[in-house]
Visitor: 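Here it is, the structure, as structure tokens.
Ligands are counted one by one from 1 in listed order, and the atoms in each one are counted from 1 as well. Only heavy atoms go into these numbers, but all of them, side chains included; no hydrogens, no water, no symmetry mates.
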Amino acid sequence: MAETPKKEESKVEGVKRASRHLRGTIAETLAADSTHFHESDEVLLKFHGTYQQDDRDVRQDRRKQGLEEAYQFMVRVAIPSGVVTADQYVQLDELADRYANHSLRVTTRQGIQYHGVLKKGLKKTIAGINQSLLTTLAACGDVERNVMGCPAPLGDSAHTTVQRLTKEIARELRPATKAYHEIWLNGEKHLSTETESETEPFYKDTYLPRKFKTGVALATDNCIDVYSYDLALVAIFEGDNVVGYNVLVGGGMGMTHGKADTFARLAEPLAYVEAEHVIETARTVAAIYRDHGNRADRRHSRIKYLIAEWGMEKFREEFRQRVSFTPQPFRSIPTPPVHDHLGLHPQADGKWFLGVFVESGRIIDRPECQMKTALRSIVEKYRTGVHFTASQNVLLTGLNRSDVDAVQRVLKDHGVRLVEELSLARRFSMACPALPTCGLAMADSERLMPAVVDRFEAELTSLGLRDEPISLRMTGCPNGCARPYTADIAFVGRRPDVYHIYVGGGIPGDRVVDLYAADVATQDMVTVMRPLLSSWASNRRNSESLSDYYQRLLNRTESRQLITGKEEPTQRLIQLGIAS
Ligand code: SF4
């Protein structure tokens, strides 16, 4: 029996409830001779790992001509810890050519996205991904999303444990519906799916109120930016072995321009749990969210709003009541360092891995850089594993030391810059896809970011700061897919060619930015930042990072506040004493 609708639930809740566990009319529309799905199936498609989009560059022209939108689909592969084999990578690469726009995009959550898939190729794309023993199920939608973990193949016990745990959590919280197999994998209907007895034991009829993101970091490496997730687990180890996890909850990047009651937030300490209880912990936190998250207003549905409303003590008490063990006090540990894993590193098994920078995560062939061809030929010839990082980069793993020079030569011959050739501003840069594919984008991001990095690179070099680690991130809207609110400098799209600039997060990812300048035109970005950058260059203490410097000045003014969607023109330069 379907659950009874609750009062004041959003339209999306009704769609989920009526969907017969994510079926809706997807199969029927898929079989029909149309270019797209209708609205309610669009909601359900996300749970299957695909977004219906249209080419926004041609939207207005097509409308003027009386044509429908140029519909296309984004297809996302969920890959726990971002780890794929050589064979899987080659198959992913082939699918990009066969059905998508000849590119693979490494996401900021260690998945892979295809763009430009047409409806007629959608089923074949998803089936092809499954043939390589990967899945798109729950890569999007109101469920546990891709579970992140350090992808470095260091081979030590702690890294191996963390990578295994991300797979276990993904398995534990994967939807149970058979709809996915029915629709995409050639009607492998199970008898149980044709009766009312099929249930979602964990998610029930309406799944989670919204998305739920989990990451597992190590006390020695937070390369996944763990504090920005709904559930953050930090592995604590004794000697080589993981003994337990610090658990933090309630992180989340998204907010809405103009809505002061929406905000970016870092996860807060909940408890320390022993290793044997970590799966139960993940399941319990997700269950509290399932049962108490806001289902009326999707802008306030993420678990961070529940925690902001309840307070951590109430959440902790609810957690204590539900688990079968006694949670322990959160363990005080230093902020974990962040390694981006680029460059050449030894593995425990005597092999090597090479981290390769991928600008905005886009693996594509362009005249100046044939990244896609280079990676594929290396993977085919040297049979390397491919691990995707949370910074949208690629680790080529399992290399013999004797092959490293040849691999680097292939990269160079194809115009791929090795890490030694990158400025630190470029090395730590990230951008979301935004225009022309993302339906929510208000401004460009991926297409604009390389030019913005060029200009900041030049400015930083002229100030003698080229070798200072600094993270630049850009998104086309405030939803925060490239985690802008933990960056040193973030550009968040307001409208075409206009951005809010935020400053003050930092590479460790343990601090949220501050709104530095509102509504800055693209061409003015460097000019607006110049006084702060020069002040940092002249007045910083020792090796103080830009964000440490900024926060020191900000603390002095006592004007720090939670960043929210509220728009307010800032007078930060004056407040910080940098301008008068
Ligand atoms: Fe789209 Fe906004 Fe996410 Fe960028 S941050 S991909 S514009 S939703």
Visitor: Does any N, O or S atom of C477, backbone or side chain, fall under 2.8 Å from atom 2 (Fe) of ligand 1?
Guide: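 Checking C477: at least one N, O or S atom is under 2.8 Å.
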Visitor: Do the rings of H36 and Y71 sit parallel, tilted or perpendicular, given the 30° and 60° boundaries?
Guide: parallel
Visitor: Does C438 approach ligand 1 within less than 4.0 angstrom via side chain, backbone, both or neither, non-hydrogen atoms only?
Guide: side chain
Visitor: In terms of atom number and element, which parts of ligand 1 are under 4.0 angstrom from non-hydrogen atoms of P433?
Guide: 6 (S)
Visitor: Have a look at T35 and tell me which of K119, K120, Q52, E68 forms a side chain to side chain donor-acceptor pair (under 3.5 Å) with it.
Guide: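 Testing each of K119, K120, Q52, E68 against T35, the sole residue satisfying side chain to side chain donor-acceptor pair (under 3.5 Å) is E68.
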Visitor: Can you list the steps and then say if T107 with Q113 is a side-chain hydrogen bond (donor to acceptor under 3.5 Å, both in side chains)?
Guide: CA-CA 7 Å; T107 75; Q113 271 180 203; 5.5 Å; no
Visitor: Can you name the atoms of ligand 1, numbered from 1 with element, that are less than 4.0 Å from a heavy atom of G480?
Guide: 5 (S)
Visitor: So is K46 actually on top of Y51's ring, under 6.0 Å and inside 45° of the axis?
Guide: yes
Visitor: Between the side chain of S81 and the main-chain N/O of V83, is any donor-acceptor distance below 3.5 Å?
Guide: no
Visitor: Which of the atoms in ligand 1, numbered in the order shown and given with their element, are less than 4.0 Å from a heavy-atom of G476?
Guide: 4 (Fe), 7 (S)
Visitor: Nearest to atom 4 (Fe) of ligand 1, what protein heavy atom do you find, and at what distance?
Guide: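 Atom 4 (Fe) of ligand 1 sits closest to the protein heavy atom C432 SG, 2.3 Å.
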Visitor: As an exercise, identify every atom of ligand 1 less than 4.0 angstrom from a heavy atom of C481.
Guide: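 Within the 4.0 Å cut-off of C481, ligand 1 contributes 3 (Fe), 5 (S), 6 (S), 8 (S).
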Visitor: Looking at H48 and L22, would you say the former's side chain and the latter's main chain have a donor-acceptor pair under 3.5 Å?
Guide: yes
